[in-house]
Amino acid sequence: MTMAVSKLSALGIIFPNSYDLLIPELVNVRLMASIPFASRYRLIDFILSSMTHSDIGNVSIMVNNNYHSLMDHLGSGREWDLVRKNGGLHIFPPFAEKTSSKPYIGRVDALAGILDFIRDQKENYVVLTDTNIAVNFDFKDMIQAHIDSGADVTIAYNEQEIPKGFIKSGPQDKSFYYTFDIDDGKITKIYVNSKESGVQNLSMNLYVLDRELLIDLIEEAAFHGQQYFERDVLLSNLNKLNIQGYKHEGYIARITDMKSYFDENMKLLDEYNLDALFSGPPIYTKLHGGDPTRYLEGAKVADIMAADACVIEGEVENSILFRGVKIAKGAKVKNCVLMQGTVVEAGADIEYLVTDKNVTVSAGKVMKGTDTFPVYIGKFQTV
């Protein structure tokens with residue numbers, strides 16, 4: 001048993017700022033990894049929990065900016081069993097290395113800055129991942145598939161149409177996404193920012209490779225001034241390396257813009273989707289002490305997901321409520337995502353709204369977006 005764990009040992013490296021520019025409203029005060037999701041979680045909870053369940057106990061997070069909310073959420077890593085003498089949780093802020101004078105641009109930049117750290121680790125493999133997806137993922141199975149196939153690099157993908165948020169993004173976003181041609185498991189072509197219609201082999205930006213190989217690739221790429229691991233390193237070495245695809249068949253919620261954020265939350269009101277995402281090992285998150293949600297006299301609710309400490313006196317339908325949301329008497333809430341501490345005062349009528357933390361909707365206020373264009377209200381705003 002000990003040998004199997006050693007054989008599959010992996011260092012996890014997470015890039016929490018990837019795709020921030022696709023959803024500027026929500027990352028104005030945070031990064032992609034700490035965006036609230038599914039009434040009580042942050043997006044990073046899904047990747048971190050999946051790593052914990054896959055015996056990845058040495059995890060590094062390469063933050064770039066807006067990382068204070070993430071550090072507050074993660075703390076020491078106790079909820080994810082990452083308080084350890086060996087390994088555990090490491091957070092590398094920008095400028096962590098003396099040679100760095102600016103935030104990193106791509107993965108090559110980031111990894112070049114911590115090469116000495118990577119060299120000092122003992123794990124055989126490295127798992128690289130972003131945090132713009134909510135998924136219950138089996139990294140252990142992926143690592144085993146990587147070993148069995150004899151691959152140099154294995155990339156997880158799923159089959160879906162390219163999200164509109166990706167297609168709408170421009171070069172200024174530096175939000176590259178990747179699709180593949182695959183022949184008998186081997187990736188034969190990598191397309192950067194393809195606009196192809198129909199179902200594609202779409203990268204999940206989850207990678208497994210040998211730690212020593214990663215060091216060699218990053219050293220060479222950094223020497224040549226390259227920045228992007230996928231575009232500059234993997235694509236240019238496609239004929240030299242055995243790059244295998246690992247197909248993920250399970251549920252995945254991918255956040256690429258405000259519309260997808262709204263839609264992926266609302267999909268979880270369907271019990272089938274909720275079970276698909278949460279039926280595997282548990283997803284851990286920061287624990288809050290708090291009262292249970294209270295439904296007071298006159299409250300009417302239908303098809304909602306509510307975290308703890310909410311107080312509901314009004315009508316709520318088809319909505320996601322985060323911790324401590326208050327819906328006053330006579331208020332009507334329909335098709336909304338209300339983040340922590342949102343207050344909807346008496347007689348207000350709202351529909352298709354996404355409120356950030358600690359928003360107040362004033363008494364009697366009527367605000368309605370649409371299914372195609374949900375209205376976003378920024379943190380601490382009163383409307």
Side-chain angles (χ1 to χ4, degrees), residues 8-16 18-19 32-33 43-56 59 62 107 111 123-163 166 175-194 199-211 213-214 217 228-231 233-235 237-238 241-256 264 276-277 280-281 283:
L8 294 173
S9 67
L11 166 68
I13 301 180
I14 298 174
F15 299 87
S18 301
Y19 300 118
M32 177 67 77
L43 284 175
I44 197 170
D45 294 340
F46 294 86
I47 291 296
L48 270 185
S49 299
S50 295
M51 285 185 172
T52 294
H53 296 308
S54 300
D55 297 329
I56 299 174
V59 178
M62 304 294 300
R107 281 186 228 274
L111 293 170
E123 288 79 8
N124 296 321
Y125 302 99
V126 177
V127 171
L128 307 175
T129 174
D130 295 329
T131 57
N132 67 315
I133 56 175
V135 62
N136 212 327
F137 193 82
D138 190 343
F139 286 104
K140 188 181 288 187
D141 189 70
M142 182 180 177
I143 294 167
Q144 188 63 61
H146 172 80
I147 295 168
D148 292 345
S149 69
D152 295 309
V153 182
T154 299
I155 309 176
Y157 71 96
N158 70 315
E159 294 181 342
Q160 69 169 87
E161 293 187 9
I162 299 170
F166 275 161
S175 299
F176 300 108
Y177 59 92
Y178 305 92
T179 52
F180 310 131
D181 284 347
I182 299 176
D183 182 11
D184 194 27
K186 189 175 191 297
I187 294 176
T188 56
K189 281 192 177 179
I190 299 176
Y191 302 95
V192 183
N193 289 15
S194 166
V199 173
Q200 310 289 318
N201 298 318
L202 181 60
S203 176
M204 293 171 64
N205 291 7
L206 305 181
Y207 305 88
V208 172
L209 69 166
D210 185 276
R211 183 171 57 86
L213 174 61
L214 177 66
L217 291 174
Y228 297 102
F229 181 69
E230 303 86 342
R231 189 193 71 180
V233 178
L234 297 186
L235 187 55
N237 285 289
L238 195 56
L241 297 173
N242 176 8
I243 303 180
Q244 293 280 323
Y246 175 85
K247 184 177 177 181
H248 176 67
E249 304 273 12
Y251 192 88
I252 174 172
R254 192 188 297 259
I255 310 303
T256 60
E264 293 300 343
L277 180 57
I283 304 299

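Here the structure is a predicted model, which is why all the values come from computation and not from measurement.
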Enquirer: Assess, by modelled atom type and distance only, whether the side chains of Asn205 and Tyr177 contain a donor and an acceptor separated by less than 3.5 Å.
Expert: no
Enquirer: Which atom names give the shortest non-hydrogen contact between Ile56 and Leu11, and what distance separates them?
Expert: CG2-C, 4.4 Å
Enquirer: Step by step, work out the ring pair (Phe, Tyr, Trp, His ring centres under 6.0 Å) result for Tyr157 and His248.
Expert: CA-CA 6 Å; Tyr157 71 96; His248 176 67; 9.9 Å; no
Enquirer: Please find the pair of heavy atoms, one from Ala10 and one from Ile143, that lie closest to each other, and give the distance.
Expert: CB-CD1, 3.7 Å
Enquirer: Taking the side chain as everything from C-beta on, heavy atoms only, tell me whether Val208 gets closer than 4.5 Å to Val153.
Expert: no
Enquirer: With rounding to the nearest 0.5 angstrom, report the CG to OG distance, Asp55 to Ser9.
Expert: 10.5 Å
Enquirer: Quick one: does Leu209's side chain get under 4.5 Å of Leu217's, heavy atoms only?
Expert: yes
Enquirer: Please report the C-alpha distance between Glu159 and Gln200 in whole Å, then the side-chain angles of each, then the deciding distance to 0.1 Å, and finally whether the side-chain contact (heavy atoms from CB on, under 4.5 Å) criterion is met.
Expert: CA-CA 5 Å; Glu159 294 181 342; Gln200 310 289 318; over 6 Å; no
Enquirer: With a 4.5 Å limit on heavy-atom distance, are the side chains of Arg211 and Asn124 in contact?
Expert: no
Enquirer: Is it the case that Asn193 and Tyr178 place a side-chain donor and acceptor less than 3.5 Å from each other?
Expert: no
Enquirer: Would you say that Ile147 contacts Tyr125 through its side chain, given a criterion of any heavy-atom pair below 4.5 Å between the two side chains?
Expert: yes
Enquirer: With a 4.5 Å heavy-atom cut-off, do Pro163 and Leu202 have their side chains touching?
Expert: yes
Enquirer: If you round to the nearest 0.5 Å, how far is CG of Asn132 from OG of Ser18?
Expert: 7.5 Å
Enquirer: Considering all heavy atoms of both residues, which atom of Leu241 and which atom of Lys186 are nearest to each other, and what is their separation?
Expert: O-NZ, 4.0 Å
Enquirer: Hey, is Glu264 close enough to Arg254 for a salt bridge, meaning N to O under 4.0 Å?
Expert: no
Enquirer: Start with the C-alpha distance between Ile14 and Thr131, add both sets of side-chain angles, then the distance that settles side-chain contact (heavy atoms from CB on, under 4.5 Å), and finish with yes or no.
Expert: CA-CA 7 Å; Ile14 298 174; Thr131 57; 3.3 Å; yes
Enquirer: Please round to the nearest 0.5 Å and tell me the distance separating atom OG of Ser54 and atom CG of Asp141.
Expert: 9.0 Å
Enquirer: Are any non-hydrogen side-chain atoms of Leu48 and Phe46 less than 4.5 angstrom apart?
Expert: no
Enquirer: Specify the closest pair of heavy atoms between His146 and Asp210, including all atoms of both residues, with the distance to one decimal.
Expert: NE2-N, 4.3 Å
Enquirer: For side-chain contact (heavy atoms from CB on, under 4.5 Å), just list the numbers for Asn201 and Asp181, CA-CA rounded to whole Å, side-chain angles, deciding distance to a tenth of an Å, and then say yes or no.
Expert: CA-CA 7 Å; Asn201 298 318; Asp181 284 347; 5.7 Å; no
Enquirer: So how far is it from Thr179 OG1 to Lys189 NZ, rounded to the nearest 0.5 Å?
Expert: 11.0 Å
Enquirer: Would you tell me whether Tyr207 and Glu230 have side-chain atoms, one donor and one acceptor, within less than 3.5 Å of each other?
Expert: yes
Enquirer: Rounded to the nearest 0.5 Å, how far does CG of Asn158 lie from CD1 of Ile252?
Expert: 4.5 Å
Enquirer: If you look at every heavy atom in Val135 and Met204, which pair is closest and at what distance?
Expert: CG2-CE, 4.3 Å
Enquirer: Are Asp130 and Arg107 ion-paired here, with the side-chain N under 4.0 Å from a carboxylate O?
Expert: yes
Enquirer: For residues Asp152 and Ile243, determine if any side-chain heavy atom of one lies less than 4.5 Å from a side-chain heavy atom of the other.
Expert: no
Enquirer: Can you tell me if CG on Asp184 sees more than 12 non-hydrogen neighbours from other groups inside 6.0 Å?
Expert: no
Enquirer: Taking the inter-plane angle between the rings of Tyr228 and Phe176 on a 0 to 90° scale, is it parallel (under 30°), tilted (30 to 60°) or perpendicular (over 60°)?
Expert: perpendicular
Enquirer: Decide yes or no on side-chain contact (heavy atoms from CB on, under 4.5 Å) for His53 and Phe139, but give the supporting numbers first.
Expert: CA-CA 8 Å; His53 296 308; Phe139 286 104; over 6 Å; no
Enquirer: Calculate, to the nearest 0.5 Å, the distance between atoms CE and OG1 belonging to Met32 and Thr256 respectively.
Expert: 8.5 Å
Enquirer: Mind listing the closest non-hydrogen atom pair of Ser203 and Ile155 along with its distance?
Expert: OG-CG2, 3.6 Å
Enquirer: Testing Ile283, Thr129, Val127 one by one against Ile47 for a side chain to side chain contact (heavy atoms under 4.5 Å, CB included), which residue passes?
Expert: Thr129
Enquirer: Is any side-chain heavy atom of Thr188 less than 4.5 Å from a side-chain heavy atom of Leu238?
Expert: no
